[in-house]
Number of protein chains: 2
Amino acid sequence: MTPSCEMLKEHDLRSTPGRQAILSLFLRKKHALSHGDIERWLDPQYDRVTVYRTLRTFLKRGIIHKVLDDEGDLKYALCSEACSSSHHHHDHVHFKCRKCGETSCLEVEIPAVKLPRGYLVSERNLLIQGVCRKCT
Amino acid sequence: MTPSCEMLKEHDLRSTPGRQAILSLFLRKKHALSHGDIERWLDPQYDRVTVYRTLRTFLKRGIIHKVLDDEGDLKYALCSEACSSSHHHHDHVHFKCRKCGETSCLEVEIPAVKLPRGYLVSERNLLIQGVCRKCT
DNA sequence: CTGTGTGCAAACACTTTGCAGGTGT
DNA sequence: ACACCTGCAAAGTGTTTGCACACAG
């Protein structure tokens with residue numbers, strides 16, 4: 001049984017060829033993938049609509065999460081353990097490289113930020129842009 | 001001469017009724033506006049296409065900047081002095097309220113974040129979500 | 001007067017929905 | 001066997017483009 005197949009069952013999802021293909025793409029690439037990336041790398045036998053539906057399903061089951069860059073381009077990335085359902089943590093840090101264009105999750109803490117009185121914080125999302133290790 | 005008219009001239013833009021109307025919307029509301037917000041509050045005499053083009057122009061001239069929330073919804077907000085052309089600064093903090101849905105710019109500093117070796121940082125964008133002062 | 005802005009229509013890209021048939025368990 | 005996935009076609013939504021006319025400077 002392949003890793004992607006196992007993951008699907010863990011999340012109570014039927015293991016179909018399409019889902020396995022998309023999931024193993026995420027496992028193979030380490031950075032966030034856009035819908036376009038997925039279509040480009042996926043066997044073209046799969047319908048665009050299936051990709052949309054699969055991503056939505058994965059999103060609902062907490063297998064992946066949305067990653068947005070400064071231009072509003074939407075990508076998706078695998079959720080880490082820390083990110084998954086029960087003890088969901090509420091800080092996300094993403095790094096987008098100006099050279100290779102790849103966006104990936106960073107496992108770092110966001111220091112406390114001083115806000116004016118009266119603001120309640122429930123979630124923080126930090127997007128850092130620059131040049132990644134590979135491209136330096 | 002109205003404030004919005006002056007601002008347009010400062011940015012070398014012709015002062016037309018449509019531009020003034022949109023710009024004064026930004027001056028009146030203090031939070032970020034989506035395209036939809038603008039259409040809703042603008043005199044309906046203005047064409048949707050004009051709004052698109054006007055926003056793009058304002059963006060290019062540095063009158064407004066993009067504001068994105070966690071869902072990828074795009075809004076626009078006036079640039080502060082600090083944000084404008086010459087000594088552009090490279091940190092942005094936005095706060096989105098879960099109750100009223102409004103997003104606004106905060107003038108706070110982002111503390112340094114520790115990154116792994118080899119990463120070069122050029123810009124940081126922090127989105128904080130929670131409940132704003134008005135809604136507490 | 002000249003170059004730029006605007007409105008309208010149409011093109012375009014992206015995403016969702018309905019339905020019939022196929023597939024995993 | 002049944003519920004759920006998938007592909008296809010079509011509808012829906014948001015954004016851009018081409019062109020003729022209007023307007024600011």
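Below, read A as the first sequence line, B as the second, and so on, with proteins coming before strands; counting in each chain starts at 1.
Put simply, CZ on Arg53(B) is 8 Å from C1' on dT17(D), counting in whole angstrom units. Atom CG in Asp43(A) sits about 15 Å away from atom C1' in dG7(D), given to the nearest Å. In this structure, CZ of Arg14(A) is placed 7 Å from P of dT25(C), rounded to the nearest angstrom. Nucleotide dG5(C) holds its C1' atom 14 Å from the CD atom of Gln45(B), rounded to whole Å. Rounded to a whole Å, the NZ atom of Lys60(A) is 12 Å from the P atom of dC4(D). The distance between atom CG of Leu55(A) and atom P of dC5(D), rounded to the nearest whole Å, is 14 Å. Taking atom CG of Leu13(A) as the reference point, atom C1' of dA3(D) lies 14 Å away to the nearest angstrom. Distance, Leu8(A) CG to dG24(C) C1': 12 Å, rounded to whole Å.
Put simply, Tyr52(B) has no side-chain N or O that comes within less than 4.0 Å of OP1 or OP2 on dT16(D).
Side-chain to base pairing of Arg19(A) with dG24(C): no donor and acceptor N or O lie closer than 3.5 Å to each other. Between the side chain of Arg48(A) and the base of dG7(D), no donor-acceptor pair of N or O atoms lies under 3.5 Å.
We find the CD-CG distance between Glu39(A) and Asp47(A) to be 8.5 Å, quoted to the nearest 0.5 Å. Atom NE2 in His94(A) sits 11.0 Å away from atom NZ in Lys75(A) (nearest 0.5 Å).
Between the side chain of Arg19(B) and the backbone N or O of Leu8(B), no donor-acceptor pair lies under 3.5 Å.
Looking at heavy atoms from C-beta onward, Lys29(B) lies in side-chain contact with Trp41(B) at the 4.5 angstrom threshold.
Of the candidates dT25(C), dG7(D), dT17(D), the closest approach to any side-chain atom of Ser15(A) belongs to dT25(C).
Comparing Leu74(B) and Thr16(B), the nucleotide of DNA chain D nearest to each residue sits closer to the 5' end for Leu74(B).
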